[in-house]
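Structure record follows, encoded as structure tokens.
Just follow the structure's listing: the first ligand is 1, and inside any ligand the first atom is 1. No hydrogens, no waters, no symmetry mates; every other heavy atom, side chains included, goes into these values.
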Amino acid sequence: MQIIDGKKVSANVKESVRLETLELKNNYGITPGLAVVIVGNDPASRVYVNNKKKACEQVGFMSEEYALPEETTQEELLELVKTLNGKDDVNGILVQLPLPKHLDDKAVIEAINPKKDVDAFHAVNVGKIMLGEYDFLPCTPAGVMEMLHQYNITVEGKNCVVIGRSNIVGKPMGMLLLHENGTVTICHSKTKNLAGVCSNADILVAAVGIPKFVTADMVKDGAVVIDVGMDRDENGKLCGDVDFENVKDKCSYITPVPGGVGPMTIATLMKNTIKACKIQNNIN
Ligand code: GUN
């Protein structure tokens, strides 16, 4: 059993983005810029946003934070997105989700210029991913693929099971595995015999948001298990969707929480932002 080190893989990705950023600065005098918008006081979102800003510093990007109060109106938020769409020094716009309940996240995402949509949440970018002709890949699923690549884990012909069908993770995750010729099953709350389906997986991706949901009986011997969960256990301690201690010995590879998929999401965001900068400046 090998533990996949997301921190190490993410450091590799960020280092290559840092070098590319230096090149952009030296050759063109351009610095990639990311605007991060956070609305309200969700403590988890605050941690994610701080980590994203820290990563920008590490790779040499300009980053701007727009922290808006909980009571921000839909019109105010849309107005900010519009302003950011028009700012030449902002190449990527990220509106941290979830938004407070009174705000319509769909309308906000659709207001972002698709060329600045470094989350790849806009319908235009989602459509491009379906067609396999994308500029940006969604951060978490692309981060998972990067981990598989760096550990030389091939997808072709494998039984890949994704638990969860969210627009942010489950659905695009299935699509990226399919692009690499995996045989993909997406499971959800209505799936019959979920444990049986999972126990046939060569590659099992858990993105359900339920602490320690994946137990040893759901995992095939020698499987690769990827844990996208960021949950709290009964003692309030950070844990994943996989019962790591009981599952790990059955796996060929497994990602831990923390230190697995989480850092990879941010590394992909850095990749997408520099790509957005190059596209907007006609640099290939
Ligand atoms: N909330 C949880 N994950 C994400 C993400 O990848 N992007 C944004 N914008 N919000 C999130």
Qualifying salt bridge (charged side-chain N to carboxylate O under 4.0 Å, His left out) pairs with a residue from residues 194-208, counting only residues at least two apart or across chains: Asp202-Lys220
Lys212 NZ to Asn246 CG distance, which is reported to the nearest 0.5 Å: 8.5 Å
Donor-acceptor contact below 3.5 Å, side chain Asn85 vs main chain Ile112: no
Donor-acceptor pair, side chain of Asn181 and main chain of Gly157, under 3.5 angstrom: no
Ligand 1-proximal atoms of Phe121, by part, heavy-atom distance under 4.0 Å: side chain
Region of Asp119 engaging ligand 1 - heavy atom pairs below 4.0 Å: side chain
Aromatic ring pairing Tyr253/Tyr151, orientation class (parallel under 30°, perpendicular over 60°, tilted between): perpendicular
Under 4.0 Å to a heavy atom of Leu94 - the qualifying atoms of ligand 1, by number: 9 (N)
Atom indices of ligand 1, in the order listed, that fall short of 4.0 Å to a heavy atom of Gln96: 1 (N), 9 (N), 10 (N), 11 (C)
Nearest neighbour in protein (non-hydrogen) for atom 1 (N) of ligand 1: Leu97 O, 2.9 Å
Protein heavy atom under 4.0 Å of atom 7 (N) of ligand 1: yes
Contact check: Cys139 vs ligand 1, nitrogen or oxygen atoms, below 3.5 angstrom: no
Thr140 heavy atom under 4.0 Å from ligand 1: no
Other cluster members, Ile3 - Ile/Leu/Val/Met/Phe/Trp/Tyr, side-chain contacts below 4.5 Å: Met1, Val161, Ile163, Leu194, Val197, Leu204, Val208, Ile210, Phe213, Val214, Met218, Val219, Val225, Val242, Phe244, Val247, Ile254
